[in-house]
2 protein chains.
Amino acid sequence: MTNPPSPTTAPLPDFLPPALCALAREQSLTRGETLFRRGQRPTRVFFVAAGEIHLLRHGVHGQAVIFQRSAAGSFLAEPSIDSPGYHCDAVAVAASRLRVFPLADFRSALDADPAFARRWRLFLAREIRRLRGRAERLAMRSVRERIVHYIECEGEDGMLSWSGELKALAAELGVTHEALYRALARLAADGLLERAPGCLRLIGSGRL
Amino acid sequence: MTNPPSPTTAPLPDFLPPALCALAREQSLTRGETLFRRGQRPTRVFFVAAGEIHLLRHGVHGQAVIFQRSAAGSFLAEPSIDSPGYHCDAVAVAASRLRVFPLADFRSALDADPAFARRWRLFLAREIRRLRGRAERLAMRSVRERIVHYIECEGEDGMLSWSGELKALAAELGVTHEALYRALARLAADGLLERAPGCLRLIGSGRL
DNA sequence: GCGCCCGTATGATTGCGATCATATGACCAA
DNA sequence: TTGGTCATATGATCGCAATCATACGGGCGC
């Protein structure tokens, strides 16, 4: 079951040890607020519960160079857990709410609890897998191909459940909503895709 | 110092414990050979020393749906270390050489050696960071923006050392070599980029 | 020396998606 | 009820990179 980004507050991942969750504090950021800066020593681990944070630097021309756009449901700057300093700045681009863990406790939990350590690294490894799939799609020129790849990757047996707005799917695929609507309509017209509310299913034995 | 993909054999990462490295065996694959299949239980950890492996499935239309293209220097299917089965197939798309670790020993080392565990998760976290930067670039429409973003991200203070072929850089950026040459020439003509053999440097205080 | 291969480079053409504009209908607040 | 907002949808236009074609020079094998 694939769903679009959560519209409200994302819960902490269920593999976090309860003792660690009990240590999490809530922090709110207003739009434009900076959470940390490049080079600062990390003392906390951040989970985005709502809103959006960009990890960025300023380039030689002064422009913002965005490394990452973190929405609700994601951790920030995972390498910082084991690094002496942040690699970049973190800025809220919308009003945001974070769950904040003391870094020392997070690290102690990883070191002391093998089950948590395993789940953490599996979480990281799955994120790698997700990002690689996403990069494959973004490297594709045609919207049609991106749709098909996404359904195959994120759906099951060629069927994708998507209960949110198609505009969010367009954003996930890195295309405009116009392009998405058109490609979906054309895939359906070509008999390659079946559309139902909240569901997209590829029709097999066809030719792309 | 950024360099293009290694043309020969990639060494194992230096954070792997020597005792674990001693357990690595070499395996060669011919082009087209399948290394593992979806659903199989993982018993080994694979590092690509040379060649290229694709992780893929077959979609409803029978076409290959590529999740990942692993070149020399990368591990394969990281989630499999902590999963009961492979998520997809692995096929060599070129003659390849792998370094192969017994999975049980790899896992034991992670569990028993906290320093190795920390380095492994840092390695994963950095890969996440790299992939996110790559996704940002791939989501950009213009080649020019991709070049600038890459130099800012992977270079230092706007300078990128690149001792390999520009065609490899084009592949990394997801553009054709023609498009890359043109964009580099235009950036240089606009006074925004300085080109020297093996080096690209952004010229500051300009307008993009 | 010659031919082949390949990286770098450039010209011409094409096509697809972004952009801009507009339409329709559902939802919500006043 | 009315007006505004927004998601879904579609039409028209434009522009940029892919594609195709070609050129040049360096390296290498015979």
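Taking 4.5 Å as the limit, every side-chain heavy atom of B:L202 sits out of range of all side-chain heavy atoms of B:L192. At a threshold of 4.5 Å between non-hydrogen side-chain atoms, the residues A:L180 and A:R182 do not count as touching. Residues A:D89 and A:R57 fail the side-chain proximity criterion, which asks for heavy atoms closer than 4.5 Å. Contact annotation: the side chain of B:P13 approaches that of B:F75 to within less than 4.5 Å [non-hydrogen atoms, C-beta and beyond].
Summary for the helix from C:dG1-D:dC30 to C:dA30-D:dT1: the axes at its two ends, each from 5 pairs, differ by 30° when rounded to the nearest 10 degrees.
B:L184 has its CG atom 16 Å from the P atom of C:dG7, to the nearest Å. Distance, B:L166 CG to C:dC6 P: 17 Å, rounded to whole Å. For the pair B:Y181 OH and D:dG25 C1', the interatomic distance rounds to 13 Å; values are reported in whole Å. Look at CZ on A:R195: it is 12 Å from C1' on D:dA7, rounded to the nearest Å.
Shortest non-hydrogen contact noted between A:I53 and A:A90 is CG2-CB, 4.0 Å. Closest non-hydrogen pair, B:C21 versus B:F101, comes out as CA-CE2, 4.2 Å.
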What string of B, S and - do you get for nucleotides 11-20 of chain C, 5' to 3', if B is base contact, S is sugar-phosphate-only contact and - is no contact with any protein heavy atom under 4.0 Å? BB----SSBB

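The only member of B:R132, B:R129, B:R126 that meets side-chain hydrogen bond (donor to acceptor under 3.5 Å, both in side chains) when paired with A:E78 is B:R132.
In this structure, a donor-acceptor pair under 3.5 Å is present between the side chains of B:R44 and B:Q27.
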